[in-house]
Amino acid sequence: MTPADLSLTVLRAVRRAIDDGALRVDVPSRAKVERARPGGVGEYASSIALSLARPAGRSALDVAGILEERLRDVPGLRAVEITGPGFLNFTLQRDVDADLVRGILAAGTSYGHGAALTGTVVRFAPVAEPRAVLVVEALVRLLRSQGADAEVGADGGERPHVYPGASGGHGTDAVRWAFLRAAPHDRPLDPGSLLVPHERNPLFRVQYAYSRTRRLLVNARQLGFTPEPGRLGEPGRPGQYVEPGQYGRPGHPGHPEHPDHASPLLRLLRDHPLALLSAARHRAPDRVARQLEAVADALLAFQHTVLPLGDEKPSAAHRSRLALAEAAGTVLAGGLSVLGISAPDRI
């Protein structure tokens, strides 16, 4: 279950409460779901009960209780809790990780595309300045990925404020990243710095991380196994599944002596649809670039747990980790495609 799925699930609970006569309000256009803040409960939270309280003529805690009753048995949710003045807090079921990976692999590079902006018509005014052209092209792809009807139209259309930039004769990928990684109104990056294959080069890290997933798939085939979504097991102990309550304890993932590299990657992949939608709504392709950097860094930290080490035999956990790596590569390729940048199999 992704945040976008969770948002739709909350809206369905609101509709059920209205249909049952428990609430007398108009169904909101969307239910904002965000990651729980430090010190909070669960993985995600929503303040929808607070926003519905006044029109419903009820306290936020009453509204939250009504919604909690209609959410507690939803597949994919392990727990729904009410905190503070009426916040709904959600904990996802652990098996949802495998479902997330399956969903990404099934969707391919279209993972994160949706219909949230269906019915929205956006017409951009024609532009000629080199950076503005690339920014508008990326925005059209972003908006279409979320269901909007977007294209470059006649004069008088939307015209983003773009700080001008010069390509300087550098490669296409470097220029696109330089122009799109900085916010449109900010000075662009230097394309020349993006030609150096170094870990300080964000474009190189993203493309290299994608190429690593392709190499991992090749290496796995040579070792006789293929990706299969499932339980990830514990790094270093591939046959052992670690229950959620054990994370962070001595000898288990999350503890300083035994870091858990899968969870940060899973969180980023789960949040990817919201990152694309936010980038489209705010006309901010730089948000996609930052999201890809975060996914790439998490993937590069995770990749070392994918293949068997030494005399280890490939296990179900190795197949699951390989599937997660492939899913991360799929997200990177899809995001790069939105920005008009290539995803090379080898670097």
Side-chain angles (χ1 to χ4, degrees), residues 2 4 7 29-30 107-195 202-203 206-207 210 271-296 330-344:
T2 67
S7 176
S29 58
R30 63 185 179 122
T109 55
S110 295
Y111 172 70
H113 294 197
L117 299 184
T118 298
T120 300
V121 177
V122 180
R123 294 292 179 264
F124 291 102
V127 292
E129 194 277 322
R131 187 184 182 202
V133 170
L134 292 184
V135 168
V136 169
E137 287 178 354
L139 288 176
V140 168
R141 287 191 292 268
L142 258 176
L143 288 160
R144 288 176 176 174
S145 77
Q146 302 306 309
D149 175 5
E151 62 183 39
V152 179
D155 289 335
E158 188 174 322
R159 187 183 297 273
H161 173 58
V162 180
Y163 192 108
S167 64
H170 297 292
T172 301
D173 284 351
V175 170
R176 287 182 180 276
W177 187 273
F179 284 3
L180 299 175
R181 172 57 179 83
H185 58 271
D186 289 338
R187 184 189 299 272
L189 305 181
D190 173 19
S193 67
L194 300 172
L195 299 175
L203 173 60
V206 171
Q207 290 182 318
Y210 171 76
D271 291 346
H272 187 69
L274 283 182
L276 291 181
L277 179 57
S278 174
R281 280 187 168 137
H282 293 278
R283 311 293 194 264
D286 54 295
R287 297 190 181 199
V288 179
R290 290 199 300 272
Q291 168 75 0
L292 296 183
E293 288 180 20
V295 172
T330 300
V331 167
L332 291 176
L336 287 170
S337 175
V338 166
L339 299 179
I341 297 174
S342 67

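Computed from heavy atoms alone, side chains included, the values below leave out hydrogens, waters and symmetry copies. Residues: numbered from 1 along the sequence shown. The model shown is predicted, which means the values in this text are computed figures rather than measured ones.
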In Å, rounded to the nearest 0.5 Å, how long is the span from [atom1] of [X] to [atom2] of [Y]?
X: L134; Y: R176; atom1: CG; atom2: CZ; answer: 5.0 Å
X: Q291; Y: D286; atom1: CD; atom2: CG; answer: 12.5 Å
X: S7; Y: L274; atom1: OG; atom2: CG; answer: 7.5 Å
X: D271; Y: L276; atom1: CG; atom2: CG; answer: 11.0 Å
X: H113; Y: L142; atom1: NE2; atom2: CG; answer: 8.5 Å
X: L143; Y: T120; atom1: CG; atom2: OG1; answer: 8.5 Å

Closest non-hydrogen atom pair between [X] and [Y], with its separation:
X: V140; Y: E151; result: CG2-CA, 4.2 Å
X: A182; Y: R131; result: O-NH2, 3.2 Å
X: Y210; Y: P344; result: CD2-O, 3.3 Å
X: L139; Y: P160; result: CD1-CG, 3.9 Å
X: P188; Y: Y163; result: CD-CD2, 3.8 Å
X: A178; Y: D190; result: CB-C, 4.4 Å

[Y] and [X], any side-chain heavy atoms less than 4.5 Å apart:
X: P184; Y: P285; result: yes
X: H185; Y: V162; result: no
X: S145; Y: L117; result: no
X: V206; Y: W177; result: yes

[X] side chain vs [Y] backbone, donor-acceptor pair below 3.5 Å:
X: S278; Y: A275; value: no
X: R159; Y: F124; value: no
X: Q146; Y: G112; value: yes

Chi angles and distances behind the side-chain contact (heavy atoms from CB on, under 4.5 Å) call for Q207, I341 | CA-CA 9 Å; Q207 290 182 318; I341 297 174; 3.7 Å; yes
Carefully, step by step, assess L336 and V288 under the rule side-chain contact (heavy atoms from CB on, under 4.5 Å).
-> CA-CA 9 Å; L336 287 170; V288 179; over 6 Å; no
Do R181 and E293 pass the side-chain contact (heavy atoms from CB on, under 4.5 Å) test, and can you show the C-alpha distance, the side-chain angles, and the key distance before you say yes or no?
-> CA-CA 10 Å; R181 172 57 179 83; E293 288 180 20; 2.5 Å; yes
Could you give me the CA-CA distance, side-chain angles and deciding distance for T109 and S337, then say whether side-chain contact (heavy atoms from CB on, under 4.5 Å) is met?
-> CA-CA 8 Å; T109 55; S337 175; 5.7 Å; no
Less than 4.0 Å between a side-chain N and a carboxylate O, is that true for D149 and R123?
->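 D149 and R123: salt-bridged.
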